[in-house]
Number of protein chains: 2
Amino acid sequence: MARPPTSRDLARLAGVSQATVSRVLTNNPKVNPETRARVLQVLKDANYTPNALARAMKTGRTDTIGVFMTRVTSPFHAELLDEIGRVLSSTGLHMILWNIEHDPEETVAEVLHQRLVDGFVLTSATYDSKLHTMALASGTPTVLLHRGIDELECDQVVGDNWQGAYDAGKYLVDHGHTDIGLVTLVHTGNTSRDRDLGFRAALADAGVKIKPSNVVSVGVPHADGHAAAEKLLSRKKPPTAIYTVTDLLAFGILDGARAVGARVPDDVWVIGFDNTEMAAWESFDLTSVDQPTHAIVETGVNLLRQRIADPDRPTETVTLPCPLAIRGSTANRH
Amino acid sequence: MARPPTSRDLARLAGVSQATVSRVLTNNPKVNPETRARVLQVLKDANYTPNALARAMKTGRTDTIGVFMTRVTSPFHAELLDEIGRVLSSTGLHMILWNIEHDPEETVAEVLHQRLVDGFVLTSATYDSKLHTMALASGTPTVLLHRGIDELECDQVVGDNWQGAYDAGKYLVDHGHTDIGLVTLVHTGNTSRDRDLGFRAALADAGVKIKPSNVVSVGVPHADGHAAAEKLLSRKKPPTAIYTVTDLLAFGILDGARAVGARVPDDVWVIGFDNTEMAAWESFDLTSVDQPTHAIVETGVNLLRQRIADPDRPTETVTLPCPLAIRGSTANRH
DNA sequence: AGCGAATGTGTATACGTATTCATTGTATAC
DNA sequence: GTATACAATGAATACGTATACACATTCGCT
């Protein structure tokens, strides 16, 4: 394959200067309509596409966004990624994806300096990750999606995890539950924290106490939910409902319940968080707090684009409601 | 944030020319060890990283691979993507991800000319997609993973779908099944075709006929598997086993079986294909033909790197074995 | 008719790096 | 002691584009 044609080649073909070709490409109004038409025709005939690298070097804009994620195989994260890809591409932006579980932080640090991207999307911000710190320090426009950090001078778009969790808790006590299990994650960020605290607040407001033995703190995998359910449900007097902070854990809990012979929802209600597509599968039929993934991503990418256009604008934190999606894993007892 | 320092800035600091700094950066041997040490120290102090764009423009290499996928939310594809990310990043390569469901083909065509990437990874090649045709025509090194195209002059790494399917069929007939359901996809590529034909061949070799009414052709989503199972299992004399060509469909089939009250494996055996992580979940406990995802990706990326280094080398097609992973959705009846 | 403004185009340059070429200094060979 | 190879470095250039600037032409208005 020969070297791709350059704007200079086409300029010669069209009988104009390279500058004029460039003006046509950038929709510069200062070009005669006739000339423009002629150049466009030549461009089309040659099936020309500008060299993105040269353009980026000149303009300083790459039209590429760096996306940092974790655990792409987790259902919610996969849906989030899918949505990010859709929104970015519909905006004409490319996506470079990094999995921060695989990439050492040094790699990440390099990327920040390379000017490979116009901005960053971080979906897995944790208190102790240096990622957002480095990103912000580098001056690169950055938006936090799904997981936020309080008081951080950074655009953020998150679901209202606290409210969603509160509503889930209220829903349970409203339906007469008083012996409730809570399978929670170590608080590594706002998200897991609020999904825990909001739930506890709802129970506290209703005067329902959570027995310490009903609280299990676990890691993220499905197997951890499974184990937690076995632990909670194999007691002599198991809780009548279990709430957990992600769908993935909820799926594990449903599996664990099945393993110990507990029926859902007859013996135990189960509520998850994220409302992933899989929650609607018959195997799970999981009541879950919905995360407005599409709105989160759309809003976040918009904020990011605005910041790229104007780096000095004030930061915004957007919080979107998380309504409860009720399914068969909880059933009206009354 | 100030403009990042350039090699010229650092050259001044180190008291050398920009050319020497560049020589240090590229490990050019023609530089005095003393000078090199001094420059390296300055680079380190300044926390310098070369501008990737300028470097790429000069060398023609971006150290970035374009990955084209579909349906990231599908469990197997998510695992594949995760693996691709891991392997690429461990090789020092970046990944630009495109979802060809979102991106119109015109977009794709542009990318091919932009020289944004050194090569392509395609995981969803279909006979009629123009993607691989365009990619190859553009002269960009390209490798097909997971889905191949027969007789195509292109590096390819695929699982041995035919053999895996054959083994699944043989396993069923060896265990006495004679009334077997087949939930298949329209043949859009080698993968779905071989997963269908290999299975049929095993049954044919054993003298077991497949009733036409036992064959259901569906789309990719979970719901389609669900519907297929309901159709097959609500007949007066339903098949005693169902094989299907992806785990996602198998999950749908398990759900459908549950919906019509058919017990697995007591009433019906179910076999999927891909052996995703979820197949091991207790909800599914699915027997499935394993795809050696790690080996596929590792081999494929290696081929790609070799082709980038030497575009004229002969193309290779690697086929890796797909062993059957047996779980509770099939049980030894004897 | 004349003059400033507006329009269209070309020339030249810069983005930051890698690399060729020229140049200097130093070591080796005769 | 000179000629020559070689090592180390700097100066200059090119990658392909966008754009500031200069320039020529036309237009609008008195």
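Throughout, a chain's letter reflects where its sequence line sits, starting with A, and its residues are numbered from 1.
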Does [X] put a side-chain nitrogen or oxygen below 4.0 Å from OP1 or OP2 of [N]?
| X | N | answer |
| --- | --- | --- |
| A:Thr20 | C:dG10 | yes |
| A:Ser7 | D:dT17 | yes |
| A:Tyr48 | D:dG16 | no |
| A:Arg55 | D:dA18 | yes |
| A:Ser17 | C:dG10 | yes |

- Item | Heavy-atom closest contact (A:Thr64 atom, A:Leu116 atom, distance) |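 Looking at all heavy atoms of both residues, the closest pair is CB-O, 4.0 Å.
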Shortest non-hydrogen pair, A:Thr123 vs A:His146, comes out as O-CD2, 3.4 Å
Tell me: [atom1] of [X] to [atom2] of [N], nearest whole Å?
| X | N | atom1 | atom2 | value |
| --- | --- | --- | --- | --- |
| A:Lys30 | D:dC27 | NZ | C1' | 14 Å |
| A:Leu53 | C:dC15 | CG | C1' | 13 Å |
| B:Arg23 | C:dC21 | CZ | P | 13 Å |
| B:Asn51 | C:dT17 | CG | P | 6 Å |
| A:Gln18 | C:dA14 | CD | P | 15 Å |
| B:Asn28 | D:dA7 | CG | C1' | 12 Å |
| A:Arg61 | C:dG16 | CZ | P | 17 Å |
| A:Arg12 | D:dG16 | CZ | P | 12 Å |

Of the nucleotides [options], which one has an atom closest to the side chain of [X]?
| X | options | answer |
| --- | --- | --- |
| A:Thr59 | D:dG10, D:dA18, C:dA18 | D:dA18 |
| A:Thr6 | C:dT9, D:dT13, D:dG16 | D:dG16 |
| A:Lys58 | D:dG16, D:dT9, C:dG10 | D:dG16 |

When A:Val158, A:Val67, A:Ile84, A:Leu122 are each screened for side chain to side chain contact (heavy atoms under 4.5 Å, CB included) with A:Leu145, the one that passes is A:Ile84
Exactly one of B:Leu81, B:Ile65, B:Val121 clears side chain to side chain contact (heavy atoms under 4.5 Å, CB included) with B:Met95, and that residue is B:Leu81
Assigned partner base of C:dA12, Watson-Crick or wobble definition, under 3.5 Å
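Looking at the geometry, C:dA12 pairs with D:dT19.
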Query raised in the report: Going through the distances and angles, do B:Asp45 and B:Gln41 end up as a side-chain hydrogen bond (donor to acceptor under 3.5 Å, both in side chains)?
Result: CA-CA 6 Å; B:Asp45 291 347; B:Gln41 186 59 48; 2.9 Å; yes
So A:Val16, base contact, sugar-phosphate only, or nothing? Heavy-atom distance under 4.0 Å.
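Since only primed, P, OP1 and OP2 atoms lie under 4.0 Å of A:Val16, the category is sugar-phosphate.
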Next item on the list: Using a heavy-atom cut-off of under 4.0 Å over every strand shown, decide if B:Ser22 touches base, sugar-phosphate, or nothing.
Entry: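 B:Ser22: base contact, heavy atoms under 4.0 Å.
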